[in-house]
Amino acid sequence: MSRYFTEEHEWIDVAGDIATIGITEYAQEQLGDIVFVELPNEGATFDKGDDAAVVESVKAASDVYAPISGEVVEANSALEDEPALVNSDAEEDGWFFKLRIADASELEGLMDEATYKKFVASL
Amino acid sequence: MTGKDDIATIEEALPLEALPLDAWHRAKGARMVGFAGYHMPIQYDGIMAEHTWTREHAGLFDVSHMGQLTFSGEGVDDALETLLPSDIKGLKPFRQRYSMLLNEEGGILDDLMVSRPGVPGEEGGAFDDAVIYMVVNGATKYDDIGWMIEHLPDAVTMNHMADQALLALQGPEAGEAMAMLVPGTADLIFMQCGPFEWNGVPLWISRSGYTGEDGFEISLPADAAAAFADALCALPQVRPVGLGARDSLRLEAGLPLYGHDIDSRVSTIGADLGFAIQKRRREEGGFIGHARVMQELADGPGAKRVGLAIEGRLPAREGATIYAGDVLVGDVTSGGFAPSVGAPIAMGWVSLPHAALGTALEIEVRGKRIAAVVASMPFVPHRYRRKA
């Protein structure tokens with residue numbers, strides 16, 4: 001399984017034609033205490049860059065974009081009861097949704113972990 | 001119903017300035033943001049933790065961005081009674097009162113605290129024998145100063161104390177913490193104030209604040225602020241708290257934030273701040289904006305500032321529109337998750353027929369309607385120290 005990252009601080013795990021998407025440790029740290037996550041419905045389809053989810057911290061609402069195109073096959077229902085899971089485990093249990101990848105070539109423009117780390121360090 | 005955009009524009013146009021405790025905040029690990037023209041700490045450990053700490057112990061806030069003004073000379077009380085709708089002549093020495101500046105149409109230019117630091121010429125005064133000490137909002141202070149210069153007679157001298165810092169210590173343990181450094185403060189009750197001293201530093205301390213908790217606001221020379229803040233934070237009850245928690249605390253306390261919940265387009269009565277206009281002032285008038293106050297007292301305001309309890313977990317934020325069925329009846333002016341309530345809450349303006357407590361309304365958030373009920377404020381009971 002390979003993990004990709006975006007400049008919008010999302011991570012994407014790819015297994016076969018399914019991508020699991022969440023926000024990074026850096027993103028949750030910047031957002032602060034998360035109190036609500038609005039997730040997409042199963043079956044929704046997104047083009048790369050579409051608004052896919054909204055994460056509400058105590059202070060503000062922030063959009064989460066679809067980092068690649070695809071159809072939502074599952075949303076993380078655990079976040080409905082425990083949105084703070086995004087704070088405590090952003091890059092594993094705090095995942096947002098899974099997409100059936102529409103165009104695998106879109107992954108090519110994304111960063112690997114080492115590149116993303118450098119990107120964050122430069123901010 | 002918000003002047004937020006105007007303030008944001010000003011913030012972008014001018015470079016941010018540093019406040020006296022800038023380096024102190026950064027050393028404490030604060031995340032700094034632009035607010036009211038200054039670099040200010042939004043949070044240290046996290047908004048939720050800081051909010052809860054303040055409700056259970058004591059939080060130290062830096063509010064040095066606020067404008068601290070003194071008024072001296074002949075006829076200060078008379079002059080200020082033309083500018084403020086509150087009873088200034090009846091304000092006793094060492095007492096503080098909430099008031100506001102109104103424009104000719106009765107719109108709110110700013111809300112503020114006014115206090116009498118003693119009797120000029122007698123012992124126990126402060127601020128070079130000033131007649132009145134006033135604290136105004138940071139984002140509006142220069143407009144306030146301009147407005148007051150225009151309307152005050154020459155015999156009254158207004159001084160902007162740009163070299164004074166202002167701290168707030170808030171929470172149920174604020175009293176015991178403050179008494180360890182400044183024992184005399186133990187005798188103060190809510191809205192009393194007076195001059196004190198700590199390690200030779202003159203302090204002006206009032207028992208007041210903007211969180212709904214017991215606590216103090218402390219005016220002191222900017223060059224002594226870091227040492228005093230360190231001394232407070234060395235106490236086990238005290239931790240620094242940022243603007244983020246200050247906002248969630250004041251929202252739970254039902255207190256309006258200028259530029260958001262109140263601004264120059266709304267009036268005192270609609271804003272439910274009529275308590276700041278004492279009976280004599282209502283009857284006699286003689287202040288700018290009196291006509292609107294009397295008209296709204298007689299006929300009712302067109303809309304009211306209300307609290308909104310929200311069903312579910314999705315927060316409704318500033319700018320969200322409020323509906324009664326298909327009819328647009330108002331908008332949210334402050335909103336967010338309330339840590340001490342454990343649910344989202346909001347403050348907003350709703351047209352009068354829909355503003356009664358218990359009225360079921362809907363708020364539109366990202367195209368969805370969420371259920372809300374007009375709720376009494378404060379959302380979290382005030383715990384001011386009203387008796388010695």
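Each chain gets a letter, A, B and so on, in the order the sequences are listed, and its residues count up from 1. In this text the structure is predicted, and so the values were computed from the model without any measurement. The figures here come from the full heavy-atom set of this structure, side chains too, leaving out hydrogens, waters and symmetry mates.
- With rounding to the nearest 0.5 Å, the separation of CG in A/Asp63 from CZ in B/Arg366 is 7.5 Å.
- Scanning all heavy atoms of the two residues, the minimum distance from B/Arg317 to A/Val58 falls at NH1-O, 3.3 Å.
- For B/Arg313, the parts lying under 4.5 angstrom from a heavy atom of chain A are both the backbone and the side chain.
- Scanning residues 34-56 of chain A against chain B with a 4.5 Å non-hydrogen threshold yields A/Val35, A/Phe36, A/Glu38, A/Val54, A/Glu56, sorted by number.
- Heavy-atom neighbours of chain B within the stretch residues 80-117 of chain A, taken at a separation under 4.5 angstrom, comprise A/Glu80, A/Pro83.
- Minimum interatomic distance between A/Lys59 and B/Gly244 (heavy atoms only, all atoms of both residues): CD-CA, 4.3 Å.
- Heavy atoms from other residues, nucleotides or ligands lying under 6.0 Å from CD of A/Glu74 number more than 12.
- Here the straight-line distance linking atom NE2 of B/His51 with atom CG of A/Asp33 works out to 11.0 Å at 0.5 Å rounding.
- Heavy atoms closer than 4.5 Å to chain B are found in the backbone of A/Ala60, but not in its side chain.
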